[in-house]
Number of protein chains: 2
Amino acid sequence: MNTSLAKRPRGRPKKTEEQRDDGNRRQALICAAAQLFKLKGYDATTTREIAAQIGMQPGSPFYHFENKQDLLLAVMVDGMKRAIADQHTLLKALLTQSPKANASIKLRILIRHHFEVLLGPQSDFIPVMLYESRALNSVQRLSINKLKDSYEAAWIPVLQELCHCNKLKAPVGISRLMIFGALNWSVQWYEAPLIKNKNRVKSHHASLDELTEAALVLFL
Amino acid sequence: MNTSLAKRPRGRPKKTEEQRDDGNRRQALICAAAQLFKLKGYDATTTREIAAQIGMQPGSPFYHFENKQDLLLAVMVDGMKRAIADQHTLLKALLTQSPKANASIKLRILIRHHFEVLLGPQSDFIPVMLYESRALNSVQRLSINKLKDSYEAAWIPVLQELCHCNKLKAPVGISRLMIFGALNWSVQWYEAPLIKNKNRVKSHHASLDELTEAALVLFL
DNA sequence: CCTACCGATCGGTAGG
DNA sequence: CCTACCGATCGGTAGG
């Protein structure tokens, strides 16, 4: 990102610069891939396009990734790790500020963050994971399923608590599936509020906050 | 289907047989395409595979369809027309049997039928429409959007009525989107109850009736 | 990371 | 609808 700033780090400059550059190119590949995979789908996206998007030559992505599938996996793993970390941070912050926060408030945090991850700026990674997992092989699928479980783990106790006090009317298991469906599907119809729509089919321009409140009143 | 039975129809046998055969092969193509498109996705499915699945030669699908995209469109149009017709039939039958049926009962019919179309036997067409529309060109997309609107049109008055009597707590527009999301997402996790699962990731084995009731208690 | 390249596949066509 | 085929593309590699 800010390679122009902080030009001369103190210690062992050469190796550090090399490593950082490698990391940057690798990260640039992952970001370009995420963007194109979301826009056109995994199969319809060419490794050449991804390379071109960051000024690389057609064969160069394979210096960083063994094959196209591995690049797809990297997009998903990167996105999920960040999403899980952010989710944890938000919940911890809530428990610090208001230790007695009830389950409804926790659910609001979870839903709001989920919309952020799906629809916010730089939100290409998770939609790719949601809609392109079929392209992974079975070993890769296992590893992202672990991350998915870890992400969903934070939701279970919240939904259970809501179920116990009768705010959530359906059983936890099926409620979780339906709620995630309602949220994940927003990728298909949501249009970011600030971007002028160019005759697109997508329709809704509510803010992520408004979406969150609508989801809460619908489910609880 | 049953070409071996009913061998000799009475009138103008030659032309009728030719027409029916053409229609059958075309329909067979559409069905095979729907199945494979749902299983592997549009881009990952080869026109050769589709042909092979019904014993055709690699080039023969292009006798029936100008190109692969047109075959995809045919899958979607076929599925939607059938879904719309069935939906109408069900609602008309309800109004005949119990003319004063309230909105909750109508919504149950709509949701139950939607699950049928998504998850029931021979339910490949609509999932393909939901998840592969990106592969269409803009003209094709317009024509299936019309069908989508026609399908959703039956839901609007029902949701409005539920909104007026305070059974639906969020506004109609956003509720519709979230409800469709919750339902459509079931394609991702639902495993048909009767089929033994072979180490799949998918998890839920409830019947479509149980799913319908769960959705109703969650939303209303 | 670039240059130059290959093998395979795939949508689609001509001609019957 | 089959036979035989083509042009283009694409993932991936060797060698530097």
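Owing to the predicted nature of the structure, the values given are computational and were not obtained by experimental measurement.
Identified under the salt bridge (Lys or Arg N to Asp or Glu O under 4.0 Å) test for residues 41-56 of chain B, with sequence neighbours left out: B:Lys40-B:Glu49.
Whole-Å rounding puts the A:Asn24 CG to C:dC1 C1' distance at 15 Å. Between the CD1 atom of A:Ile50 and the C1' atom of D:dG11 there is a distance of 11 Å, rounded to whole Å. In this structure, CG of B:Leu71 is placed 12 Å from C1' of C:dG11, rounded to the nearest angstrom. Rounded to an integer number of Å, the gap from B:Asp43 CG to D:dG11 P is 11 Å. D:dG11 atom C1' lies 16 Å from atom CG of A:Asn137, rounded to whole Å. Rounded to an integer number of Å, the gap from CD of B:Gln69 to P of C:dC10 is 18 Å.
Rounding to the nearest 0.5 Å gives a distance of 7.5 Å between CE of B:Met129 and CG of B:Asn184. Remark: B:Ile179 CD1 to B:Leu216 CG distance equals 9.0 Å, nearest 0.5 Å.
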Item checked: Per-nucleotide protein contact string for nucleotides 2-8 of chain D (B base, S sugar-phosphate only, - none; heavy atom under 4.0 Å) -> BB-----

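Here the side chain of A:Arg141 pairs a donor or acceptor atom with the backbone of A:Ser133 at under 3.5 angstrom. Between the side chain of A:Thr212 and the main chain of A:Ile111, no donor-acceptor pair closer than 3.5 Å is present. Using a distance-only test at 3.5 Å, with no hydrogens or angles considered, a donor-acceptor pair links the side chain of A:Arg25 to the main chain of A:Ile54.
The side chain of B:Arg25 lies closest to D:dC1 when the candidates are D:dC1, C:dT13, D:dG11. Residue A:Phe62 has its side chain nearest to D:dT13 when only C:dC10, C:dG12, D:dT13 are considered.
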Under 3.5 Å, which donor-acceptor pairs do the side chains of residues 68-76 of chain A form with other protein atoms, sequence neighbours left out?
residue, atom, partner, partner atom, Å
A:Lys68, NZ, A:Tyr42, O, 3.0
A:Lys68, NZ, A:Thr45, O, 2.7
A:Gln69, NE2, A:Ala135, O, 2.9
A:Asp70, OD1, A:Gln140, NE2, 3.1

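Taking a pair as Watson-Crick or G-U with both hydrogen-bonding distances under 3.5 Å, the stems of three or more pairs touching DNA chain D are C:1-16 with D:1-16.
Taking the six-membered ring for Trp and thresholds of 30 and 60 degrees, B:Trp155 and B:His114 have ring planes more than 60 degrees apart, a perpendicular arrangement.
Across every non-hydrogen atom of B:Ala206 and B:Tyr190, the tightest pair is O-OH, 2.7 Å.
Residues forming a salt bridge (charged side-chain N to carboxylate O under 4.0 Å, His left out) with A:Glu152 (at least two apart in sequence, or on another chain): A:Arg176.
The stretch residues 72-79 of chain B has no heavy atom under 4.0 Å from DNA chain C, so no residue of it qualifies as close.
A donor-acceptor contact closer than 3.5 angstrom links the side chains of B:Gln188 and B:Tyr131.
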